[in-house]
There are 2 protein chains.
Amino acid sequence: MTIQEAARRSGLSAHTLRYYERIGLIHSVGRNSSGHRDYAEEDLRWLEFLTRLRTTGMPIAEMCRYAELRRRGPHTADERRELLESHRERVSSRIAQLTQDLKVLDYKIDNYREGRQS
Amino acid sequence: MTIQEAARRSGLSAHTLRYYERIGLIHSVGRNSSGHRDYAEEDLRWLEFLTRLRTTGMPIAEMCRYAELRRRGPHTADERRELLESHRERVSSRIAQLTQDLKVLDYKIDNYREGRQS
DNA sequence: GTCACCCTTCGAGTGCGCTCCAAGTCAAAT
DNA sequence: ATTTGACTTGGAGCGCACTCGAAGGGTGAC
């Protein structure tokens with residue numbers, strides 16, 4: 001599929017797709033006879049996972065590290081798992097923190113609702 | 001209290017405190033006889049709240065808007081409440097999204113633990 | 001008094017994650 | 001044959017939220 005289709009389906013811009021490829025996040029997207037990118041379904045699944053890492057706050061550099069491990073083959077599986085586990089902890093803490101913050105916001109809003117300046 | 005003390009207690013850097021004041025997030029911190037900033041307890045409470053807005057992802061521009069409404073006085077309370085309510089929704093959605101993402105991460109990690117490449 | 005040190009302002013610089021531009025290629029439509 | 005439009009690359013630019021540097025001033029210890 002073309003870069004525009006891949007952009008539409010992944011929710012990323014074509015600019016971003018090229019950028020991701022340039023920095024090594026996506027490896028060797030196929031090209032058609034005229035040198036244009038030709039994305040496969042597997043590329044889209046990988047993009048979807050990358051996007052999930054991004055939206056959960058993983059820095060690009062760390063995503064690159066994960067991508068590189070993946071390219072190196074099955075013997076890097078332990079290292080990849082560890083990377084995901086430590087990210088998992090970050091996400092989990094973030095949820096806990098946001099839940100706390102939400103309570104404070106609710107308290108503030110309640111004060112406003114009851115006409116107390118806060 | 002000095003800017004260094006305020007920095008230590010707020011967890012922000014002295015640079016950031018000056019920056020926040022410059023862009024109008026903090027209004028008129030007192031000065032001592034030599035022109036140095038002299039933070040009051042109330043400033044710290046305000047900084048704590050600002051920090052909570054920041055860590056929950058409110059853009060600086062919106063925080064400035066809130067700060068300005070606050071300076072304008074009690075008749076802006078409704079508008080401030082609305083601003084907080086809409087932010088509250090953002091935070092709430094973010095928590096829901098992260099909770100979803102956490103499940104996917106757990107699924108991935110489980111796959112790795114059971115030796116499936118994923 | 002002079003040294004060290006923290007403060008002041010203003011403006012420039014940084015890092016991240018894109019986002020866009022210029023110059024050129026290619027394929028299909030007219 | 002030419003126009004249109006999407007694609008290619010490499011590199012420059014941008015927005016955000018800081019972060020730092022330069023130049024100068026005040027205060028306290030020796």
Side-chain angles (χ1 to χ4, degrees), chain A residues 1-40 43-44 46-68 87 90 94 97 101, chain B residues 1-40 43 46-68 87 90-91 94 97 101:
Chain A
M1 92 198 64
T2 69
I3 194 167
Q4 289 307 333
E5 263 177 279
R8 192 186 50 75
R9 288 187 49 192
S10 68
L12 299 164
S13 74
H15 286 306
T16 300
L17 289 178
R18 291 193 199 98
Y19 167 67
Y20 277 9
E21 191 174 336
R22 190 164 51 190
I23 65 176
L25 268 184
I26 321 169
H27 193 48
S28 64
V29 172
R31 305 292 153 127
N32 67 15
S33 56
S34 38
H36 293 189
R37 286 172 181 80
D38 182 11
Y39 289 83
D43 294 326
L44 274 197
W46 173 236
L47 279 172
E48 188 187 346
F49 182 60
L50 284 181
T51 300
R52 205 174 289 273
L53 294 182
R54 272 301 299 133
T55 62
T56 50
M58 183 182 284
I60 293 272
E62 202 164 322
M63 288 165 60
C64 287
R65 174 133 176 281
Y66 186 89
E68 203 205 328
H87 183 56
R90 272 199 303 233
R94 182 92 183 102
Q97 181 62 61
D101 292 339
Chain B
M1 96 197 61
T2 69
I3 194 168
Q4 289 307 333
E5 261 177 281
R8 193 185 51 75
R9 288 187 50 191
S10 68
L12 299 165
S13 74
H15 285 305
T16 301
L17 289 178
R18 290 191 202 100
Y19 167 66
Y20 276 9
E21 191 173 338
R22 188 163 54 189
I23 65 177
L25 269 185
I26 321 169
H27 193 51
S28 67
V29 172
R31 306 291 153 130
N32 66 16
S33 55
S34 36
H36 293 189
R37 286 171 180 80
D38 183 11
Y39 289 83
D43 294 325
W46 174 235
L47 279 172
E48 188 186 348
F49 182 59
L50 285 181
T51 300
R52 205 174 290 273
L53 294 181
R54 272 301 298 133
T55 63
T56 49
M58 182 181 284
I60 294 272
E62 202 165 322
M63 288 165 60
C64 286
R65 174 134 176 280
Y66 186 88
E68 203 206 328
H87 183 57
R90 272 198 304 233
V91 175
R94 182 92 183 102
Q97 181 62 62
D101 292 339

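No hydrogens, no waters, no symmetry mates; every other heavy atom, side chains included, goes into these values. To find a chain, count down the sequence lines: A is the first, B the second, and so on, and within it residues start at 1.
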Checklist entry - Does A:D38 reach the main-chain N or O of A:M1 with its side chain, forming a donor-acceptor pair under 3.5 Å? => result yes
Checklist entry - side chain to side chain contact (heavy atoms under 4.5 Å, CB included) between B:I26 and B:W46: does it pass, once the steps are laid out? => result CA-CA 8 Å; B:I26 321 169; B:W46 174 235; 4.2 Å; yes
Checklist entry - Rounded to the Å, how far apart are B:R8 CZ and C:dC6 P? => result 15 Å
Checklist entry - How many Å lie between CD on B:E62 and P on D:dA17, as a whole number? => result 11 Å
Checklist entry - In whole angstroms, how far is the C1' atom of C:dC7 from the CD atom of B:E5? => result 14 Å
Checklist entry - B:A61 or B:H36: which one's nearest nucleotide on DNA chain D is closer to the 5' end? => result B:A61
Checklist entry - What's the shortest heavy-atom distance between B:L17 and B:L12, and which atoms? => result CD2-CD1, 3.9 Å
Next on the checklist: I need the B:T16 OG1 to B:L50 CG distance, nearest 0.5 Å.
Outcome noted: 12.0 Å
Item to check | Spacing of A:E21 atom CD relative to D:dC7 atom P, expressed in whole Å | outcome: 14 Å
Item to check | Phosphate contact (C:dG17 OP1 or OP2) by A:Y20 side-chain N/O below 4.0 Å | outcome: no
Checklist entry - Closest to the A:R31 side chain: D:dT9, D:dA17, C:dT9? => result D:dT9
Checklist entry - Starting at CG of A:D38 and ending at C1' of C:dC26, how long is that distance when rounded to a whole Å? => result 16 Å
Checklist outcome for this item: Of D:dC18, D:dC20, C:dT19, the nucleotide closest to the side chain of B:H15 is D:dC20
Checklist entry - Heavy atoms under 4.0 Å, any strand shown: does A:R22 hit a base, just sugar-phosphate, or nothing? => result base
Item to check | Spacing of A:L17 atom CG relative to D:dA6 atom C1', expressed in whole Å | outcome: 15 Å
Checklist outcome for this item: Nearest-nucleotide check on DNA chain D, B:M58 vs A:T2; residue mapping nearer the 5' end is A:T2
Checklist entry - Any idea which of D:dC18, C:dT9, C:dC18 is nearest the B:R18 side chain? => result C:dT9
Next on the checklist: Using whole Å, what does the distance between atom P of nucleotide C:dT19 and atom OH of A:Y19 come to?
Outcome noted: 10 Å
Next on the checklist: Without decimals, in angstroms, what is the distance between A:I23 CD1 and C:dC18 P?
Outcome noted: 8 Å
Item to check | Closest to side chain of B:R37, choosing from D:dA17, C:dT8, C:dG17 | outcome: C:dT8
Checklist outcome for this item: Among the nucleotides C:dT8, D:dT8, D:dC18, whichever has the atom closest to the side chain of A:I3 is D:dT8
Checklist entry - Between A:R54 and B:Q4, which has a closest nucleotide on DNA chain C that is more 5'? => result B:Q4
Item to check | Contact summary for A:L47 and A:S10, nearest pair of heavy atoms | outcome: CD1-CB, 4.2 Å
